[in-house]
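Structure first, commentary second.
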Protein chains: 2
Amino acid sequence: MAEQPNSCDSVINDERIVLLGLLAESAARLQRSAGEAMEEQSGIPLAFYEVMVRIRRSEAGRLTMSEVANETVYSSGGMTRLIDRMVDAGFVERVDCPTDRRTVFVALTDAGIAQLEQATEVHLDQLDRLLSSRLSCDERTQLRDMLVKLTAEADALA
Amino acid sequence: MAEQPNSCDSVINDERIVLLGLLAESAARLQRSAGEAMEEQSGIPLAFYEVMVRIRRSEAGRLTMSEVANETVYSSGGMTRLIDRMVDAGFVERVDCPTDRRTVFVALTDAGIAQLEQATEVHLDQLDRLLSSRLSCDERTQLRDMLVKLTAEADALA
DNA sequence: GACAAATAGTTGCAGAAGCAACTAATATGA
DNA sequence: TCATATTAGTTGCTTCTGCAACTATTTGTC
């Protein structure tokens with residue numbers, strides 16, 4: 001049983017704690033909204049899309065399992081299964097690495113590329129409503145820069 | 001099979017898409033780091049902590065199931081089970097609402113309050129390493145303000 | 001060269017979360 | 001007032017995900 005309900009300067013209202021909660025909340029809400037829209041309009045899960053984007057951005061047009069997992073913050077086991085599903089759906093394929101037989105590359109199929117392009121169009125509209133309508137261009141740049149710093153830190157301490 | 005590996009001005013490098021990915025990534029990494037530390041040092045999952053914080057911050061020292069679920073971006077079913085576990089662990093208790101027999105309040109137990117306070121201490125140290133070491137006080141304030149705007153938007157469109 | 005250590009990925013298993021169907025209670029309104 | 005719609009929460013089921021154990025390959029060391 002709780003008494004002394006709350007006090008506004010309590011330690012749980014500490015700026016840092018609020019910030020972490022807010023970061024989690026906004027990421028979750030945004031992903032939920034964007035994910036629902038993508039699923040509806042393009043028929044693919046946002047998780048698929050994020051993987052395809054990372055591969056597409058890569059120099060060689062392919063990434064190793066570890067690389068995709070790391071970039072999208074998945075465990076290796078989780079990524080194995082996610083890629084399984086994407087292979088089943090026909091969006092990506094596994095490609096053996098010729099120089100290291102432990103490594104497996106993941107590359108987009110033609111269908112995957114097409115899907116990615118179609119989904120991106122719709123996605124951008126959605127993001128305009130979710131991001132651009134609330135944050136100015138400058139703010140978005142600032143936000144991005146701060147998140148990059150944060151992520152670098154989390155990376156280093158991981 | 002992918003060709004034309006990437007091009008730096010491609011649409012998938014659009015500022016908005018990058019931003020969403022970054023938001024997801026930084027939230028995930030931060031929660032992972034902070035969650036591991038909390039589990040290790042305080043023995044409780046970060047999800048428990050987040051729920052306890054919301055209840056503690058509330059005016060009345062208690063929230064309905066819906067309120068907790070909404071604030072932490074859970075489904076109602078998911079929250080039912082999360083609270084089940086927290087009740088089992090002895091941190092919270094369900095309290096019937098006297099005026100509406102459909103609603104169920106969730107309140108902290110004494111053990112929950114103690115746990116929350118202990119965990120908060122350790123948590124703050126961790127957050128200093130994860131947040132404060134990389135972002136200045138001003139930046140953190142800016143970040144918070146932008147996330148608030150974003151969340152308000154996601155809310156409205158949900 | 002051979003054995004130990006490290007690395008890449010996959011698999012079994014279990015826990016956590018969402019959806020949809022359900023129960024129960026309250027609000028609406030004809 | 002009684003039927004209907006809405007709201008709050010829980011439960012069954014399925015999917016997703018992480019952890020730990022495992023296999024296979026490569027690297028390092030003696």
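Order of the sequence lines fixes the chain letters, A, B, ..., with proteins taken first and strands second; residue numbering starts at 1 for each chain.
At the heavy-atom level, A:T103 lies under 4.0 Å from the strands shown only through sugar-phosphate atoms.
Regarding A:E50, its CD atom lies at a distance of 12 Å from the P atom of D:dT17, rounded to whole Å. Counting to the nearest Å, the P atom of C:dA17 and the CE atom of B:M86 are 12 Å from each other. Between the CZ atom of B:R94 and the P atom of C:dA24 there is a distance of 17 Å, rounded to whole Å. In this structure, CG of A:D100 is placed 8 Å from P of C:dA8, rounded to the nearest angstrom. Atom CG in B:D88 sits about 14 Å away from atom C1' in C:dA16, given to the nearest Å. Rounded to a whole Å, the CD atom of B:Q31 is 16 Å from the P atom of C:dA16. A:D96 places its CG atom 15 Å from the P atom of D:dA24, with the value rounded to the nearest Å. One can place CD1 of A:I83 at 9 Å from P of C:dT10, the figure rounded to the nearest angstrom.
Salt-bridge check for B:R101 with B:D96: failed, with every basic side-chain N at 4.0 Å or more from each acidic carboxylate O. B:D145 and B:R140 are not joined by a salt bridge, as no carboxylate oxygen comes within less than 4.0 angstrom of a charged side-chain nitrogen. Ion pairing between a basic and an acidic side chain is recognised when a charged N comes within 4.0 Å of a carboxylate O; B:E139 and A:K149 show such pairing. Ion pairing between a basic and an acidic side chain is recognised when a charged N comes within 4.0 Å of a carboxylate O; B:R144 and A:E15 show no such pairing.
In this model, the phosphate group of D:dT25 is approached by a side-chain N or O of A:R101 to a distance below 4.0 Å at OP1 or OP2.
Take the nearest nucleotide of DNA chain C for A:M65 and for B:R102: the residue whose nucleotide is more 5' is A:M65. Heavy-atom distances to DNA chain D give each of A:A47 and A:T99 a nearest nucleotide, and the one nearer the 5′ end belongs to A:A47.
When only modelled atom types and interatomic distance are considered, B:T120 and B:Y49 share a side-chain donor-acceptor pair under 3.5 Å.
Side chains of B:F105 and B:E93 form no contact here, defined as non-hydrogen atoms less than 4.5 Å apart.
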Which protein N or O atoms sit under 3.5 Å from an N or O of nucleotides 18-23 of chain D?
from: D:dG18; atom 1: OP2; to: A:S75; atom 2: N; distance (Å): 3.0
from: D:dG18; atom 1: OP2; to: A:S75; atom 2: OG; distance (Å): 2.8
from: D:dG18; atom 1: O6; to: A:R81; atom 2: NH1; distance (Å): 3.2

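Atom CD of B:E39 has more than 12 heavy atoms from other residues, nucleotides or ligands within 6.0 Å.
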